[in-house]
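Step one of this worksheet: look at the structure below.
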Amino acid sequence: MTKTGSSAVTETNPELLQARLEKLRQLEALGIDPWGGRFDNTQPIGDIRRLPAEPFREDQPGPLVRAAGRVLRYRSAGKLLFLELWDQTGRIQLMIRVNKVSEREWQIAQLIDLGDLIGVDGELGKTKTGELTIQVTRLTYLTKSLEPHPKDVFGLEDIEYRLRHRYLDMIYTADTLRRAQQRVLIIRTIRNYLDRLGYMEVETPTLQAIAGGAAARPFITHHNALNIDLYLRIALELYLKRLLVGGLEKVYEIGRVFRNEGISPRHNPEFTMLELYHAYSDYHGMMDLTEGLILACVDALYPSRIIPYGDKMIDFTPPWKRASYAELFREYVGCDMLDEVKVAAAARAEGIDTTGKEHAVLVHELFEDVVEEKLIGPIFVYDYPAPLCPLTKRKRDNPAIAERFELYVHSMELANAYTELNDPITQEQTFSRQLAGLSEDESMARMDRDFIRALRFGMPPAGGLGIGIDRLVMLLTNTQTIRDVILFPLLRPESGPPAPQKPHHET
RNA sequence: GCGCCUGUAGCUCAGCUGGUAGAGCAGCGGCCUUUUAAGCCGUUGGUCGUGGGUUCGAUUCCCACCGGGCGCACCA
């Protein structure tokens, strides 16, 4: 194995490894299988901690409990051992006394290393200092850990180390496990909420011949038997809309999408989207749904609807503020967004380069630079300038305005919804216009003729909603970086990667 | 992709303007039957991310590369 002399990969200290291998041999010599086996009827440590417990007494044994988990602390006091046992529900102290276990078990206990997995039966009680403790009567080896574990009391500080050893991060950084559990709860809450409203959850293709539904660069892959390039999807939209044509009136998907773009504290190349469509509804219907859906998540996680994020508190008490794009623009930029002269002046004042830019583009750049940071929210911003939203139905009485809203919380776009365009003629023109305008990067927008054909058969008018699940989880778990709500975010390979195989497809 | 910051023992960190590395914990050998980051005695452990340069001498200064972080760009 050649290492290209790079990266922060740490090799295990060979002496520490040897010490553990030696204990492994000693365990085997005692007739113990160091890799353990089935160990049934354990109680979660969190449950055990809630049991009533009295100080230990020789004449009156406390309740018997059985737990399994990882040893995170080990203190030997001669003929007495204190350990700390960890499982995903909590930690508890174990006490092993030489005269309370068999001689063989006492020997085994001497061979425990930090990080080993053990199972114990014992009596629940309290030590002289009042610490809730299981006094072990039977000790079962479940798995030897050969790698030295990090020192529990310091936790893990190195971000790269935490990401590359997420399993350790889960054990030694309480927030990591908490977030993983809360993420599950959020997604389950969303499913339950939508299922109760009669939405059907579906799964649409990840491999697509044309990656559509968003303006983003796709990943390219290859199918050998068909000998065609395929794209990883960048959105769920176009297939879900086909299902509207097919008669599913309330449909959603929670799934991974892939965008071949930069990485940042708010961006991972693969992330999870909820997209949802409701036939015969519109963007106002989606606003109500969004509010209810996110509130259900807040209620699932917090006793209050005012929750912390960073150094701020976010108040989710409904009803949430709703303001039009034009209103907010006037309020924070200080001029009417239709006034081309004033908008250009305001843009220049913000240091935006105005040369050769369309009016609508300037308006939106100003909105992003000036307005977004004010939107602590939650606030629904609705009625967008039509040029910004090619896939959206225009207002009947004002074709310059698109029926779209975005939900902002803490200046972050959390949800995006439209009254969906179901007019195949306009849709086709929009595709063509996008293609004409973006000839430089042909992969950004592709004419999806099959989708146009589906629209021609008649897609019901509908409201559609997209929510970035990762960002929702960030917000609801008070997490500042997307890497900490995705268990395994993308990182460069840690040792020198094999030379990338030519040919590249682009860039 | 560009800019700034960063990489010292298994973990967490020191190391002043250049003199070839140090602590705590973990490990190893002892002592201890109520510890709480247990304590006491002894002890092992590092090509200071990698390569090159300057220098009598580089963890320290310079350059390149590799990994990571933050910001910008692309985007959600």
Side-chain angles (χ1 to χ4, degrees), chain A residues 3-20 22-23 55-56 72-84 91 93-100 106 113-115 125-133 135 145-165 168 172 213-218 234-235 257-275 368 406-408 412-416 441 444 466-472 474 480-483 489 491-497 507:
Chain A
K3 284 201 60 192
T4 48
S6 59
S7 88
V9 193
T10 49
E11 296 293 333
T12 305
N13 181 325
E15 288 180 26
L16 300 181
L17 193 65
Q18 275 310 315
R20 283 167 183 254
E22 175 55 28
K23 287 182 189 158
F56 288 114
L72 295 196
R73 295 193 197 179
Y74 184 100
R75 288 189 290 277
S76 162
K79 300 194 169 56
L80 175 69
L81 267 178
F82 289 102
L83 315 186
E84 199 163 288
R91 297 173 173 221
Q93 175 166 273
L94 308 179
M95 178 166 64
I96 305 179
R97 296 168 70 184
V98 67
N99 59 348
K100 291 283 181 181
W106 181 251
D113 277 311
L114 294 178
K126 287 183 176 172
T127 59
K128 283 178 182 170
T129 53
E131 177 78 17
L132 188 69
T133 299
Q135 184 166 200
S145 167
L146 294 180
E147 290 282 342
H149 281 235
K151 183 56 181 137
D152 167 51
V153 292
F154 302 128
L156 290 177
E157 295 296 328
D158 186 87
I159 292 169
E160 182 179 0
Y161 188 94
R162 290 178 45 217
L163 296 178
R164 291 197 193 278
H165 306 79
L168 294 178
Y172 295 101
R217 291 184 198 197
I234 57 173
V257 300
F258 306 84
R259 298 189 181 178
N260 204 339
E261 273 145 11
I263 297 175
S264 86
R266 292 180 178 194
H267 302 263
N268 193 60
E270 53 180 308
F271 62 102
T272 303
M273 286 271 295
L274 161 68
E275 281 197 33
E368 286 177 334
E406 289 200 303
L407 172 66
Y408 279 86
M412 204 152 51
E413 299 162 40
L414 199 59
N416 192 4
D441 192 342
M444 291 287 276
I467 293 180
I469 296 296
D470 310 279
R471 289 185 175 178
L472 177 65
M474 284 172 68
Q480 314 303 315
T481 165
I482 199 167
R483 288 184 207 93
L491 295 178
R492 284 191 149 88
E494 58 184 353
S495 50
T507 50

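A, B, ... follow the sequence lines: proteins, then strands. Residue 1 opens every chain.
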Report yes if the ring of A/F271 lies under 5.5 Å from the six-membered base ring of B/A76 with planes under 30°, and no otherwise.
yes
Can you sort out the partners of A/Q18 under side-chain contact (heavy atoms from CB on, under 4.5 Å), two or more places apart, ordered by chain and number?
A/L21, A/R25
Residues passing the salt bridge (Lys or Arg N to Asp or Glu O under 4.0 Å) test with A/R266, sequence neighbours excluded, are none
Hits for side-chain contact (heavy atoms from CB on, under 4.5 Å) against A/L414, two or more places apart or cross-chain, chain-then-number order -> A/I294, A/L407, A/V409, A/R471, A/L472, A/L475
The criterion is ring pair (Phe, Tyr, Trp, His ring centres under 6.0 Å); which residues satisfy it with A/Y172, sequence neighbours excluded?
A/H149
Which pairs, protein N/O on one side and nucleotides 24-27 of chain B N/O on the other, fall under 3.5 Å?
from: B/C25; atom 1: O2'; to: A/K151; atom 2: NZ; distance (Å): 3.4

Under 4.0 Å, heavy atoms only, any strand: does A/P14 hit a base, just the sugar-phosphate, or nothing?
nothing
If the condition is side-chain contact (heavy atoms from CB on, under 4.5 Å), which residues does A/N268 pass it with, not counting sequence neighbours?
A/E270, A/I482, A/I486, A/P489, A/L490
Remember a base hit wins even if backbone is also touched, and classify A/E147 as base, sugar-phosphate or nothing at under 4.0 Å, heavy atoms.
nothing
Is there a donor-acceptor pair closer than 3.5 Å between any side-chain N or O of A/N416 and the backbone N or O of A/E406?
no
Nucleotide N/O to protein N/O under 3.5 Å, stretch nucleotides 1-5 of chain B:
none

For A/K151, check salt bridge (Lys or Arg N to Asp or Glu O under 4.0 Å) against everything at least two apart and list the hits.
none
Please list, chain by chain and in numerical order, all residues satisfying salt bridge (Lys or Arg N to Asp or Glu O under 4.0 Å) with A/E413, sequence neighbours excluded.
none
